[in-house]
Amino acid sequence: MTGRAIIDIRGLFKAFGDNEVLRGVDLAVRDGETMVVLGPSGCGKSVLLKHIIGLMKPDGGSIVVEGREVTGLDRGELNELRMRFGMVFQGAALFDSMTVGANVGLPLVEHHRTGGSELDRLVEEKLEMVGLAGTAHLWPSELSGGMKKRVALARAIALDPDVILYDEPTTGLDPVMAEQINELIRSTQGKLNATSIVVTHDLHSACFTGDRVALMDEGRIAFEGTTDELTKTENEAVRTFIARGRRPLPGEREADPSCDRYGLF
Ligand SMILES: Nc1ncnc2c1ncn2[C@@H]1O[C@H](COP(=O)(O)OP(=O)(O)OP(=O)(O)O)[C@@H](O)[C@H]1O
Ligand SMILES: [Mg+2]
């Protein structure tokens with residue numbers, strides 16, 4: 001990690017009608033680090049990620065990626081930028097009408113990187129990296145939830161991205177599968193030396209995968225610090241978020257007792 005900001009977000013605003021979702025988000029992500037963005041459901045985490053890869057345009061503020069302002073890029077420039085990003089969408093978002101191999105190879109085909117046996121080789125290499133060697137012929141409907149997330153990760157790293165964005169990588173998985181995905185995020189980070197942003201509302205996943213953590217609250221970043229600082233801070237938004245994790249609201253899932261080991265509860 002060099003300490004240089006590879007992604008610098010300043011004063012980001014976004015509203016949908018009366019719903020002011022982002023109300024001045026400031027966030028700097030350093031080259032080579034894994035930054036976790038925590039926050040309750042509906043606070044705007046996915047919206048923030050979509051702005052970073054230019055899928056949404058802000059009402060105000062700036063997003064500078066590797067020195068370039070994203071909000072002003074035209075379609076061709078955005079396309080170029082997206083080649084440097086790998087995104088694991090919330091819920092995996094695989095194409096059901098395509099095999100696992102075709103899903104993983106899609107970015108390579110779309111960006112005319114390669115074809116034929118070289119494409120097959122690269123697809124198999126990425127599948128191996130996520131522990132799914134030999135599954136290229138399967139269909140998404142034949143996979144478990146955890147396998148789908150792994151295929152989504154294999155697709156996200158198909159172009160050897162500089163930045164990997166994960167949107168809720170462990171949500172909906174049982175604890176064993178979730179742990180496997182957390183491990184995979186860490187090992188992928190080690191192998192590709194990429195910068196990562198992991199969006200989650202899972203504290204355990206945050207502490208395991210993150211170098212630093214930011215908490216979104218009321219449309220802004222209410223706290224930013226190391227995972228260690230997160231556990232020690234008196235920041236009210238953090239304490240409230242953690243307390244809610246300990247006592248789930250009706251309808252919310254049970255808190256993860258493994259957070260104990262980080263002294264969070
Ligand atoms: N395309 C859209 N049009 C209108 N409103 C939207 C759109 N996308 C998101 N929103 C609204 O923005 C708010 C934040 O949504 P977002 O999906 O970013 O939440 P989140 O923090 O990712 O939640 P979760 O943890 O449940 O995934 C919500 O109120 C949502 O209804
Ligand atoms: Mg979301």
Side-chain angles (χ1 to χ4, degrees), residues 7 9 11-27 29 34-61 63 70-71 78 82 85-94 145-146 148-149 152-153 155-156 163-175 177-178 181-182 185 196-210 212-224 230 235 237-238 240-256 259 264:
I7 299 171
I9 300 167
L12 204 63
F13 274 83
K14 180 69 175 181
F16 299 100
D18 293 341
N19 186 9
E20 293 184 348
V21 178
L22 306 182
R23 298 198 281 167
V25 171
D26 295 314
L27 186 68
V29 182
T34 298
M35 165 65 88
V36 173
V37 179
L38 275 172
S41 190
C43 75
K45 303 182 298 296
S46 296
V47 165
L48 178 63
L49 282 190
K50 285 174 190 164
H51 278 83
I52 295 174
I53 52 170
L55 284 175
M56 281 183 176
K57 289 254 178 254
D59 299 328
I63 305 163
V70 173
T71 51
L78 264 181
R82 285 197 196 123
F85 281 78
M87 173 121 176
V88 181
F89 286 95
Q90 194 161 358
L94 301 180
K148 281 185 188 164
K149 299 240 183 188
L153 175 54
R155 182 176 63 189
V163 182
I164 309 173
L165 308 177
Y166 299 88
D167 197 353
E168 304 276 2
T170 57
T171 302
L173 301 180
D174 68 42
M177 285 265 192
I181 297 292
N182 285 334
I185 292 171
S196 303
I197 303 180
V198 180
V199 155
T200 184
H201 49 246
D202 178 341
L203 275 169
H204 170 67
S205 181
C207 292
F208 186 82
T209 57
R212 289 194 306 136
V213 181
L215 175 74
M216 272 184 84
D217 187 47
E218 310 213 333
R220 295 188 185 87
I221 301 297
F223 169 86
E224 194 181 327
L230 179 82
N235 179 298
V238 172
T240 305
F241 182 76
I242 289 173
R244 282 188 63 192
R246 178 167 42 190
R247 289 188 299 277
L249 298 174
E252 285 185 341
R253 74 188 181 87
E254 288 292 315
D256 183 345
C259 281
L264 284 168

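Ligands are counted one by one from 1 in listed order, and the atoms in each one are counted from 1 as well. The analysis underlying the following values was restricted to heavy atoms, covering all of them including side chains, and did not include hydrogens, waters or symmetry mates.
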Test item: [X] side-chain N/O and [Y] main-chain N/O as donor-acceptor pair under 3.5 Å:
X      : Y      : value
Asn182 : Phe208 : no
Asp217 : Ala237 : no
Arg82  : Gly54  : yes
Arg23  : Arg220 : no

Who's the nearest protein heavy-atom neighbour of [atom], and how far?
atom                    : value
atom 23 (O) of ligand 1 : Gly42 N, 2.7 Å
atom 17 (O) of ligand 1 : Ser46 CB, 3.6 Å
atom 27 (O) of ligand 1 : Gln90 NE2, 2.9 Å
atom 10 (N) of ligand 1 : Phe16 CE1, 3.5 Å
atom 25 (O) of ligand 1 : Lys45 NZ, 2.8 Å
atom 30 (C) of ligand 1 : Asn19 ND2, 4.4 Å
atom 26 (O) of ligand 1 : Ser41 OG, 2.5 Å
atom 9 (C) of ligand 1  : Val47 CG2, 3.5 Å

Check whether any side-chain heavy atom of Met87 sits under 4.5 Å from a side-chain heavy atom of Leu49, and report yes or no.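 The answer is yes, as the side chains (C-beta and beyond) meet within the 4.5 Å cut-off.
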
Between Ile9 and Asp26, is any pair of side-chain heavy atoms under 4.5 Å apart?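 A side-chain contact is absent here, since even the closest heavy-atom pair is not under 4.5 Å.
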
Do any N/O/S atoms of Gln90 come under 2.8 Å of the Mg ion (ligand 2)? yes

What part of Met216 sits under 4.0 Å from ligand 1 if we count only heavy atoms: the side chain, the backbone, both or neither?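 None of Met216 does.
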
Ligand 1 versus Leu48: contacting region, heavy-atom distance under 4.0 Å: neither

Where do Ser46 and Asp167 land on the side chain to side chain donor-acceptor pair (under 3.5 Å) test, with the steps shown first? CA-CA 7 Å; Ser46 296; Asp167 197 353; 2.6 Å; yes

Taking distance alone, with N or O pairs closer than 3.5 Å, would you say Cys43 contacts ligand 1?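 Between Cys43 and ligand 1, an N or O pair is found under 3.5 Å apart.
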
Any Lys/Arg nitrogen of Glu168 or Lys45 sitting under 4.0 Å from an Asp/Glu carboxylate oxygen of the other? yes

